[in-house]
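Written out below as structure tokens is the structure these notes cover.
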Amino acid sequence: MKPDVSLSKIGMVAHTPDILNLAPRFTEHDAVRLNNMFRGSTTQEMLEGVIRDRLAGDLAVVSSFGAESAVLLHLVAGVDPSVPVLFLDTGKHFAETLAYRDLLVERLGLNLVVLTPDAEELAKRDESGLRWSYDPDGCCEIRKVRPLEKALSQYDASFTGRKAFQAKTRANLPRFEIDTTDSAGRLKINPLIDWDAAAIDAWFAEHDLPRHPLIAQGYPSIGCSPCTSQVAPGEDPRSGRWKGWDKTECGIHKPGEEPFL
Ligand code: SF4
């Protein structure tokens with residue numbers, strides 16, 4: 001295990017779990033201390049502390065390059081563009097999403113890391129490429145959940161783009177929390193949790209950030225193309241995801257937490 005000097009200074013140590021001793025990297029207590037430390041700080045001040053001072057160890061951003069992704073990517077790149085940006089290339093994205101991803105990578109100088117499904121598993125479990133049509137949970141597991149789990153095992157913390165206004169289940173989310181999708185004790189960091197829709201729009205305008213091209217075509221929430229439908233004005237933006245299925249998330253996060261990846 002390799003202690004991080006900055007963390008030691010504030011009484012916390014990020015651990016890389018080893019095979020014999022699977023001690024979690026961070027505990028609930030660490031998350032509380034970080035929340036207290038940055039209470040009253042701006043998003044930029046918090047990002048600078050976390051990224052520059054390595055308060056959360058090795059970091060990555062997980063991004064779908066969806067409707068609002070540009071704001072978090074712009075903020076993180078403003079502090080350090082070398083922070084890895086993990087993108088799950090499911091093989092089912094809209095061509096517009098891939099083009100938008102490339103545009104943002106170029107414009108913001110992002111350190112893009114493309115994650116792909118395991119080729120053997122794909123051939124075995126989704127040879128036709130149509131698993132999404134009869135078993136979307138299984139399709140998400142092969143194309144999203146497993147590749148991301150594997151990639152995240154190399155990091156101590158990941159940034160999400162979650163905002164409190166998006167859902168009741170997010171209303172009380174803190175900036176720092178323990179990622180409960182496994183027992184590794186990684187931190188999940190929500191830099192935009194207290195941003196509202198107007199602040200997001202203002203950031204796009206102020207920094208002249210490009211919008212995802214599909215928003216103008218009636219897609220307020222954008223995921224894989226077979227599982228994303230247009231939404232009528234006034235409808236819940238999420239209603240266009242996995243339309244017709246009793247499914248609101250891809251399995252990477254707990255239900256109600258992050259349905260948009
Ligand atoms: S969102 Fe749809 S196409 Fe994409 S991985 Fe999940 S089920 Fe498959």
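First listed ligand is number 1; within each ligand, the first listed atom is number 1. Values reported hereafter were calculated over all heavy atoms of this structure, with side chains retained and with hydrogens, waters and symmetry mates removed.
Here is the list of ligand 1 atoms found below 4.0 Å of a heavy atom in C224: 1 (S), 3 (S), 4 (Fe). Annotation for ligand 1: atoms under 4.0 Å from non-hydrogen atoms of K92 are 3 (S). Atoms of ligand 1 lying under 4.0 Å from at least one heavy atom of C140, given by number and element, are 1 (S), 5 (S), 6 (Fe), 7 (S). Of all the atoms in ligand 1, the ones that sit under 4.0 Å from a non-hydrogen atom of C227 are 1 (S), 2 (Fe), 3 (S), 7 (S).
The minimum heavy-atom distance linking T228 with G223 is given by the pair OG1-N, 3.1 Å.
Looking at residues two or more places apart in sequence or on another chain, you find a side chain to side chain donor-acceptor pair (under 3.5 Å) between T43 and W195.
At a threshold of 4.0 Å, the pair R143-D126 counts as salt-bridged, since one of the basic side-chain nitrogens sits closer than that to a carboxylate oxygen.
Formation of a donor-acceptor pair under 3.5 Å by the N35 side chain with backbone atoms of F176 is found in this model.
R186 forms no cation-pi arrangement with F26, by the criterion of a distance under 6.0 Å to the ring centre and an angle within 45° of the ring axis.
Residue K144 touches ligand 1 through its side chain alone, judged by heavy-atom distances below 4.0 Å.
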